[in-house]
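To keep things clear, I will list the structure first and then write my remarks on it.
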Amino acid sequence: MENWIGVGVWIVIGAFIGLMMKVVVKRPEESAGHTWLLAVFGAFGAVIGGMLGVGILEFDDPVALSAGGMIGAVVLAALMSWTYRWGIRGWM
């Protein structure tokens, strides 16, 4: 049960980071929308990053609520959200 709670924490953290990317990466020519998509990309990146962080950094006790899982979740959520936010410039 502890691992599912950890995955839920990753999802919430990732969605929050995705929404913060909208504030951090300003675009003057931005059209409306994309808020929910940023939250989804952040949550998806956090889940994948959390799994990678646990798999790479936590050898002896692989649980989701560990330092490796949280670091991986934050890093990949920020990377995926920033990449989407930066990369959409040419399409709008």
Side-chain angles (χ1 to χ4, degrees):
M1 185 69 177
E2 181 180 330
N3 281 331
W4 290 111
I5 294 171
V7 173
V9 170
W10 292 344
I11 291 171
V12 170
I13 288 173
F16 180 73
I17 289 173
L19 294 175
M20 286 299 104
M21 280 298 155
K22 188 167 184 134
V23 174
V24 172
V25 181
K26 291 290 187 183
R27 294 186 44 233
E29 73 280 354
E30 178 182 9
S31 62
H34 300 281
T35 302
W36 65 272
L37 197 54
L38 278 167
V40 168
F41 276 140
F44 178 74
V47 170
I48 299 301
M51 285 188 229
L52 287 173
V54 167
I56 293 171
L57 299 174
E58 304 293 330
F59 294 117
D60 55 342
D61 189 21
V63 294
L65 285 174
S66 62
M70 292 300 155
I71 291 169
V74 167
V75 168
L76 202 60
L79 181 67
M80 284 190 71
S81 300
W82 179 80
T83 302
Y84 173 74
R85 190 82 173 138
W86 174 78
I88 198 162
R89 288 183 190 181
W91 294 357
M92 295 262 144

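Numbering starts at 1 and runs along the sequence shown. No hydrogens, no waters, no symmetry mates; every other heavy atom, side chains included, goes into these values.
Among all heavy-atom pairs drawn from Ser81 and Gly42, the shortest one is OG-CA, 3.5 Å. Closest of all the heavy-atom pairs between Met21 and Arg85 is O-NE, 3.7 Å. Here the shortest heavy-atom pairing between Val54 and Ala64 reads CG2-CA, 4.2 Å.
Hydrophobic clustering keeps Leu38 apart from Phe16 (ILVMFWY residues linked when any side-chain heavy atoms are closer than 4.5 Å, directly or through intermediates). Residues Trp36 and Met20 are members of separate hydrophobic clusters, defined by side-chain heavy-atom contacts under 4.5 angstrom among Ile, Leu, Val, Met, Phe, Trp and Tyr. Hydrophobic clustering places Phe44 together with Leu37 (ILVMFWY residues linked when any side-chain heavy atoms are closer than 4.5 Å, directly or through intermediates). The hydrophobic clustering, which links ILVMFWY residues whose side-chain heavy atoms are closer than 4.5 Å, places Leu79 and Leu19 apart.
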Let me check something: any side-chain donor-acceptor pairs from residues 66-78 under 3.5 Å, sequence neighbours excluded? List them with distances.
residue : atom : partner : partner atom : Å
Ser66   : OG   : Val63   : O            : 2.9
Ser66   : OG   : Gly69   : N            : 3.4

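Through chains of ILVMFWY side-chain contacts below 4.5 Å, Ile56 is grouped with Leu57.
To the nearest 0.5 Å, atoms CE (Met51) and CH2 (Trp10) are separated by 6.5 Å.
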